[in-house]
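If you're wondering where the values come from, they're calculated on a predicted model, not measured in any experiment.
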Amino acid sequence: MAVRPRRSVLYMPGSNARALEKARELPADGLILDLEDAVAPEAKTSARENIVKALKTGFGDREVLVRINGLDTRWWVDDIAAAASAKPDAILVPKVSTPRQLQDLAARLVDMGTDPHVRVWAMMETPLAMLNVGEIAHSALDSETRLAGFVMGTNDLAKDTRARLVPGRAPMLPWLMTCIAAARAYGLDILDGVYNDLGNAEGFIAECKQARDLGFDGKTLIHPRQIDPCNEAFSPSPEEVEWARRMIAAFELPENKDRGVIQIDGRMVERLHAEMARQTVAIADAIEKQKSAQPAKEKLGSA
């Protein structure tokens with residue numbers, strides 16, 4: 001399966017048709033078209049209509065998720081019907097706390113004849129989700145759940161646990177790492193939560209770098225100005241890519257094909273490092289491909 005960059009994924013309110021149109025020009029890797037928190041109750045219907053219309057036009061190569069309202073609300077059934085008809089890349093389900101919720105959603109999607117290419121992502125944002133994250137991630141082994149990834153909902157998690165959102169996120173680190181471990185154990189991608197202080201550019205960059213170092217695939221964003229620094233933080237540096245290519249090439253030499261450990265420039269390198277290097281190179285190549293394709297697609301879309 002081709003690697004897809006998910007460095008920056010921007011929330012866009014479904015109720016703002018102008019913002020949805022503008023999103024086609026933004027350099028975000030992905031978009032979350034929101035029907036939940038960003039949309040007032042009286043605007044839910046029009047937001048669904050806006051999102052369906054926008055998805056039919058398309059967003060180029062960007063990955064597009066539609067966040068529905070919670071499965072305990074009166075809106076989610078209509079949200080699912082609208083999203084399924086428009087065939088986004090995935091449906092993002094808030095406040096997933098047990099595997100049963102994903103199974104119930106899977107049954108609904110099957111009954112509706114939803115395109116099998118539409119995946120499901122789960123918001124990890126409740127105390128119960130933190131206790132059940134391993135079982136939730138295990139649901140990905142059941143193909144009917146369509147589970148492909150997690151999105152951290154750190155604001156809701158802070159509210160419900162009373163943990164403080166402080167620089168460095170010490171209160172959150174055990175939960176963040178547990179969710180990352182569960183995601184990796186079952187082949188899921190995982191995105192970090194949002195950063196709220198738009199006026200603190202240095203703090204945002206620091207949190208992006210922390211998320212990258214923890215092992216997240218990317219970060220969810222609340223404003224377009226966060227896209228560029230986020231992309232930079234999650235992009236492999238030229239030096240990292242060059243070193244990764246050297247490791248791969250070294251292990252592919254005939255004399256090294258059966259060796260588990262080799263030496264490159266005085267450094268001991270294990271074969272597992274070469275496997276990690278392949279991921280680095282794949283992401284770098286995908287980013288470059290995306291950069292070269294995006295301008296042409298945007299020009300075509302604006303014609």
task = Grab the two heavy atoms, one from Val52 and one from Ser85, that are nearest each other, plus how far apart they are.
result = CG2-OG, 4.2 Å
ask   = Checking side chain to side chain contact (heavy atoms under 4.5 Å, CB included) for the pair Ile283/Phe234: CA distance, chi angles, key distance, verdict?
value = CA-CA 10 Å; Ile283 286 289; Phe234 281 94; over 6 Å; no
request  = Determine which pairs satisfy salt bridge (charged side-chain N to carboxylate O under 4.0 Å, His left out) with at least one residue from residues 214-238, sequence neighbours left out, and list them in order.
outcome  = Arg184-Asp217, Asp192-Lys219, Glu207-Lys219
ask   = Do Leu165 and Met172 pass the side chain to side chain contact (heavy atoms under 4.5 Å, CB included) test, and can you show the C-alpha distance, the side-chain angles, and the key distance before you say yes or no?
value = CA-CA 8 Å; Leu165 293 170; Met172 287 275 172; 3.8 Å; yes
Would you tabulate the side-chain donor-acceptor contacts of residues 98-111 under 3.5 Å, counting partners in other chains and residues two or more places apart, or write 'none'?
{"unit_1": "Arg100", "atom_1": "NE", "unit_2": "Asp104", "atom_2": "OD1", "d": "2.9"}
{"unit_1": "Gln101", "atom_1": "OE1", "unit_2": "Ser97", "atom_2": "N", "d": "2.5"}
{"unit_1": "Gln101", "atom_1": "OE1", "unit_2": "Thr98", "atom_2": "N", "d": "3.0"}
{"unit_1": "Gln101", "atom_1": "NE2", "unit_2": "Lys95", "atom_2": "O", "d": "3.4"}

task = Check which hydrophobic residues are tied to Trp243 through side-chain heavy-atom contacts below 4.5 Å, counting indirect links as well, and list them.
result = Met247, Phe251, Ile262, Ile264, Val269
ask   = Under a 4.5 Å side-chain heavy-atom rule over Ile, Leu, Val, Met, Phe, Trp and Tyr, are Leu191 and Val194 clustered together?
value = yes
key: Smallest separation among heavy atoms of Ala284 and Val241, with atom names   = CB-CG2, 3.6 Å
ask   = Going hydrophobic residue to hydrophobic residue with side-chain gaps under 4.5 angstrom, can you get from Met152 over to Val96?
value = yes
query = Crowded around Glu255 CD? As in, over 12 foreign heavy atoms under 6.0 Å?
reply = yes
query = How far does CZ of Arg7 sit from CZ of Arg212, to the nearest 0.5 angstrom?
reply = 13.0 Å
key: Residue pair Val151 / Tyr11, side-chain heavy-atom distance below 4.5 Å   = yes
query = Under 3.5 Å, is there a donor-acceptor pair between the side chain of Glu135 and the main chain of Asn132?
reply = no
message = Using the side-chain hydrogen bond (donor to acceptor under 3.5 Å, both in side chains) criterion, which residues pair with Asp79? Sequence neighbours excluded.
response = Arg48, Asn69
request  = Work out which heavy atom in Asn256 is nearest to a heavy atom in Ala250; give both atom names and the distance.
outcome  = ND2-O, 2.8 Å
key: Where Ala28 and Leu31 come nearest, the two heavy atoms and their spacing   = CB-CD2, 4.5 Å
query = Is there a side-chain contact between Asp160 and Glu125 (heavy atoms, below 4.5 Å)?
reply = no
Ion pair check, Arg245 and Glu242, cut-off under 4.0 Å = no
ask   = Any donor and acceptor pair, going by atom type alone, linking the side chain of Arg24 with main-chain N or O of Gly60 inside 3.5 Å?
value = no
inquiry  = Between Arg271 and Lys257 (side chain of the first, backbone of the second, donor and acceptor by atom type, cut-off under 3.5 Å), is there such a pair?
reply    = yes
inquiry  = If only side-chain N and O atoms count, and only distance matters, is there a donor-acceptor pair under 3.5 Å linking Asn231 with Ser8?
reply    = yes
query = So how far is it from Leu20 CG to Phe59 CZ, rounded to the nearest 0.5 Å?
reply = 5.5 Å
ask   = What residue pairs, at least two apart or across chains, pass ring-ring contact (aromatic ring centres under 6.0 Å, His included) with a residue in residues 121-164?
value = His138-Tyr186
request  = Using a 4.5 Å cut-off on heavy atoms from C-beta on, say whether the side chain of Met124 contacts that of Trp175.
outcome  = no
ask   = Does atom CG of Asp258 have more than 12 heavy-atom neighbours from other groups under 6.0 Å away?
value = no
task = Start with the C-alpha gap between Leu55 and Lys87, add the side-chain angles, then the distance that decides, and say whether side chain to side chain contact (heavy atoms under 4.5 Å, CB included) holds.
result = CA-CA 8 Å; Leu55 281 168; Lys87 300 179 184 178; over 6 Å; no
key: Pairwise distance CZ(Arg67) to CE(Met12) - rounded to 0.5 angstrom   = 13.5 Å
Atom pair CD1/CG of Ile91 and Leu35 - distance to nearest 0.5 Å = 10.5 Å
request  = Taking the side chain as every heavy atom from C-beta outward, state whether Asn50 and Leu33 have any pair of such atoms under 4.5 Å apart.
outcome  = no
ask   = Looking at side-chain heavy atoms only, is the closest gap between Met123 and Leu92 below 4.5 Å?
value = yes
key: Under 3.5 Å donor-acceptor, Arg146 side chain and Val118 backbone   = yes
inquiry  = I'd like to know if Leu147 and Met130 are part of one continuous hydrophobic network [Ile/Leu/Val/Met/Phe/Trp/Tyr, side-chain heavy atoms within less than 4.5 Å].
reply    = yes
Contact check, side chains of Leu173 and Gln210, non-hydrogen atoms, under 4.5 Å = yes
note = So OG of Ser46 and NZ of Lys53: to nearest 0.5 Å the spacing works out to 12.5 Å
query = Do the side chains of Pro88 and Leu65 get nearer than 4.5 Å, heavy atoms only?
reply = no
inquiry  = Hydrophobic clustering (ILVMFWY, side-chain heavy atoms < 4.5 Å, transitive) - are Met112 and Val93 grouped together?
reply    = yes
query = Taking only residues two or more places apart in sequence, or in another chain, which ones meet Arg6 in a salt bridge (Lys or Arg N to Asp or Glu O under 4.0 Å)?
reply = Glu63, Asp189
inquiry  = Tell me if a side-chain donor or acceptor on Lys44 pairs with a main-chain N or O of Glu36 at a distance below 3.5 Å.
reply    = yes
note = Looking only at heavy atoms, the pair that brings Ala47 and Ser15 closest together is CB-N, 3.7 Å
query = Cluster question for you: counting only ILVMFWY and a side-chain heavy-atom cut-off of under 4.5 Å, with indirect links fine, are Leu71 and Leu157 together?
reply = yes
ask   = How far apart are the closest heavy atoms of Val39 and Asp34, and which atoms are they?
value = CG2-O, 3.2 Å
ask   = Rounded to the nearest 0.5 Å, how far apart are OH of Tyr195 and CD of Gln226?
value = 9.0 Å
task = Take atom CD of Glu270 as the centre, draw a 6.0 Å sphere, and report whether it contains more than 12 heavy atoms from other residues, nucleotides or ligands.
result = yes
